[in-house]
J.: 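Can you keep this structure in mind? I'll have questions shortly.
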2 protein chains.
Amino acid sequence: MNTLSYGLLALVSRKEASGYDLMLKIQPFWQAKHSQIYPLLGGMEEKGLLSAKWVQQTDKPDKKLYSITPEGTKMLHEWLSEPTSAPVMRDEFNLKCFCIHMADPAEVHRLFVERRKYHIDRMKYYKDIQESIPPEHRNPGHIAFEDYILLQKAYMRTKASVDWIDWVEELVGQWQPQA
Amino acid sequence: MNTLSYGLLALVSRKEASGYDLMLKIQPFWQAKHSQIYPLLGGMEEKGLLSAKWVQQTDKPDKKLYSITPEGTKMLHEWLSEPTSAPVMRDEFNLKCFCIHMADPAEVHRLFVERRKYHIDRMKYYKDIQESIPPEHRNPGHIAFEDYILLQKAYMRTKASVDWIDWVEELVGQWQPQA
DNA sequence: ACATTCATGTAATAGGTTACATGATTTC
DNA sequence: GAAATCATGTAACCTATTACATGAATGT
């Protein structure tokens with residue numbers, strides 16, 4: 001059982017869902033392709049952590065709905081009490097920053113402007129999903145509270161990246177007149 | 001050539017370094033083990049992007065120092081002009097948050113307190129490295145400026161995580177008396 | 001007509017971690 | 001005497017991405 005499997009199990013524990021549902025739902029918090037998710041769900045079904053049933057749909061293709069089993073719930077509780085791995089962050093932009101000294105200042109500026117726009121777009125993406133949660137569900141005790149606070153975290157961390165870019169551009173702006 | 005290879009090439013372009021040096025230097029920005037770094041450096045040497053020489057040391061084991069070649073520098077410039085991949089963030093803590101509804105409140109609180117401490121420690125780690133950079137090198141034009149601003153970014157994003165935890169704990173605190 | 005969304009799966013490849021392997025020097 | 005740091009490398013395994021494969025319905 002890897003970390004992503006536990007994440008999927010946790011999502012199913014909140015509400016029965018298809019692999020496709022889960023793929024979309026987990027995106028903002030863990031980027032995984034369907035080709036990784038489907039086999040993991042199949043494995044958890046085999047292990048008896050999930051049970052599945054096919055649901056026929058008229059307007060859309062049929063789907064396989066997963067539900068958590070008592071054994072699955074037990075696994076989730078065990079996972080929660082185990083030590084939590086350190087977060088992993090991999091950003092090509094950061095590595096490109098190691099080249100500022102050798103790059104054309106205009107290209108560096110383009111890089112920062114481009115990344116700033118990316119972050120601003122992400123902030124809107126997070127806020128839009130967050131605002132779709134009814135205010136009465138934004139309280140501890142509701143399952144939607146989990147989504148509400150996680151989207152807030154993604155928003156706040158992304159905003160920190162924008163604030164950092166503005167801080168860098170200000171530093172560079174203050175310095176250039178002296179050059 | 002993958003992203004990590006370019007990051008290593010960028011670091012070598014600033015100053016000749018050993019695999020071990022690079023492993024330590026890149027840690028705060030890209031978590032990679034020595035077992036991944038050594039083969040990548042060997043591959044870039046074969047491709048003629050890096051040149052290497054063995055340096056004998058009396059007090060420590062001998063080391064292999066890498067320098068960038070003109071072809072390596074050319075590759076770096078090409079990389080900078082190519083589109084930058086979106087950052088990837090994977091945090092088990094976020095997935096555990098999907099279980100708040102089913103977990104013991106005391107355990108959830110422990111999870112948050114533990115993670116808060118982790119972030120506070122990381123903030124100190126980033127600040128300590130950043131403060132080791134002489135103030136006169138913290139300006140655009142110096143190579144150390146790149147480290148200075150990247151450490152600031154890591155610090156600001158980590159601080160955002162702490163602020164978020166405090167925001168959540170406040171939300172939960174306001175709600176509990178009504179329960 | 002063409003792109004997107006919904007829906008599921010497998011195969012091949014690339015990226016990353018853990019374990020294996022060695023060995024000197026320094027610090028507690 | 002034990003642990004940590006410095007230093008390099010390979011092998012096995014796990015994780016993740018890209019490509020292959022199919023097909024209906026909806027929107028432009």
Side-chain angles (χ1 to χ4, degrees), chain A residues 1-9 11-12 16-27 29-47 50 52-66 83-92 94-95, chain B residues 1-9 11-12 16-27 29-47 50 52-66 79 83-92 95:
Chain A
M1 285 284 289
N2 60 26
T3 307
L4 177 56
S5 296
Y6 282 112
L8 296 169
L9 197 57
L11 283 177
V12 175
E16 56 174 18
S18 67
Y20 191 81
D21 292 337
L22 293 166
M23 190 246 313
L24 293 178
K25 190 82 196 175
I26 210 162
Q27 277 316 304
F29 312 109
W30 196 285
Q31 295 77 48
K33 316 288 173 186
H34 71 274
S35 55
Q36 195 183 6
I37 290 172
Y38 289 125
L40 291 179
L41 291 171
M44 288 192 282
E45 193 189 351
E46 269 186 46
K47 281 177 205 150
L50 291 176
K53 61 173 177 202
W54 280 94
V55 175
Q56 285 186 337
Q57 297 184 119
T58 47
D59 50 337
K60 298 171 193 175
D62 295 352
K63 62 178 174 180
K64 199 177 174 181
L65 269 190
Y66 289 95
T84 309
S85 308
V88 171
M89 173 73 179
R90 292 203 169 94
D91 191 347
E92 189 174 23
N94 291 351
L95 302 186
Chain B
M1 285 283 290
N2 59 25
T3 308
L4 177 56
S5 296
Y6 283 110
L8 295 169
L9 197 57
L11 283 177
V12 176
E16 55 173 18
S18 68
Y20 191 81
D21 293 337
L22 293 167
M23 190 246 312
L24 294 178
K25 189 80 196 179
I26 211 162
Q27 277 316 302
F29 314 108
W30 196 285
Q31 296 77 45
K33 317 288 173 185
H34 71 274
S35 54
Q36 196 184 5
I37 290 173
Y38 289 125
L40 291 179
L41 291 171
M44 286 192 282
E45 193 190 349
E46 268 185 47
K47 281 177 205 151
L50 291 176
K53 61 175 177 200
W54 280 93
V55 174
Q56 286 188 334
Q57 296 185 119
T58 48
D59 52 336
K60 297 173 194 174
D62 296 352
K63 63 178 174 180
K64 198 177 175 180
L65 269 190
Y66 288 95
W79 173 53
T84 309
S85 308
V88 172
M89 174 72 177
R90 290 202 170 94
D91 192 346
E92 188 173 25
L95 302 186

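Protein chains get the first letters and strands the later ones, always in sequence-line order, with residue 1 at the start of each.
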J.: Could you state the atom-to-atom distance from CE of A:M23 to C1' of C:dC6 in whole Å?
T.: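 So the two atoms are 9 Å apart, to the nearest Å.
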J.: Provide, to the nearest angstrom, the distance between the CG atom belonging to B:L41 and the P atom belonging to D:dT10.
T.: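 So the two atoms are 12 Å apart, to the nearest Å.
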J.: Write down the distance between CE (A:M89) and P (C:dG16), rounded to a whole number of angstrom.
T.: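 Checked: the CE to P distance equals 14 Å.
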J.: Can you tell me how far P of C:dG9 sits from NZ of A:K63, to the nearest Å?
T.: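 Rounded to the whole Å, the gap is 14 Å.
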J.: Tell me: CD1 of B:I37 to C1' of D:dG9, nearest whole Å?
T.: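 Roughly 13 Å, once rounded to whole Å.
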J.: Summarise protein proximity over nucleotides 15-28 of chain D in one line of letters, 5' to 3': B for base, S for sugar-phosphate only, - for none, counting protein heavy atoms closer than 4.0 Å.
T.: SBBBB---B-S---
J.: Taking ring pair (Phe, Tyr, Trp, His ring centres under 6.0 Å) as the definition, give me every residue that meets it alongside B:W30, ordered by chain and number, with sequence neighbours left out.
T.: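 Partners of B:W30 by the ring pair (Phe, Tyr, Trp, His ring centres under 6.0 Å) criterion come out as none, since no residue qualifies.
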J.: I need the B:L50 CG to B:L8 CG distance, nearest 0.5 Å.
T.: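 Reported to 0.5 Å precision, the distance equals 8.5 Å.
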J.: Tell me the interatomic distance from A:Y38, atom OH, to C:dT10, atom C1', rounded to whole angstroms.
T.: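 To the nearest whole Å, that distance equals 13 Å.
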J.: Could you give the CG-to-P distance, from B:L22 to D:dA7, as a whole number of Å?
T.: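 To the nearest whole Å, that distance equals 12 Å.
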J.: Let's see if you can work this out: which of C:dC6, D:dA7, D:dG9 has an atom nearest to the side-chain heavy atoms of B:K64?
T.: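 For B:K64, the side-chain atoms sit closest to D:dG9.
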J.: For the atom pair CG (B:L95) and OG1 (A:T84), what is the distance rounded to the nearest 0.5 Å?
T.: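 So the CG of B:L95 and the OG1 of A:T84 are separated by 10.0 Å.
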J.: Rounded to whole angstroms, how far apart are CD on B:Q57 and P on C:dA24?
T.: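 In whole Å, C:dA24 P lies 15 Å from B:Q57 CD.
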J.: Between the side chain of A:Q27 and the main-chain N/O of A:A32, is any donor-acceptor distance below 3.5 Å?
T.: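 Here the side-chain-to-backbone pair exists.
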J.: Under the ring pair (Phe, Tyr, Trp, His ring centres under 6.0 Å) test, which residues partner B:F29, sequence neighbours left out?
T.: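 Testing B:F29 for ring pair (Phe, Tyr, Trp, His ring centres under 6.0 Å), a comparison that skips the adjacent residues, returns A:F98.
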J.: Between A:E16 (side chain only) and A:L65 (backbone N and O only), is there a donor and an acceptor less than 3.5 Å apart?
T.: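 Side chain of A:E16 to backbone of A:L65: no pair is present.
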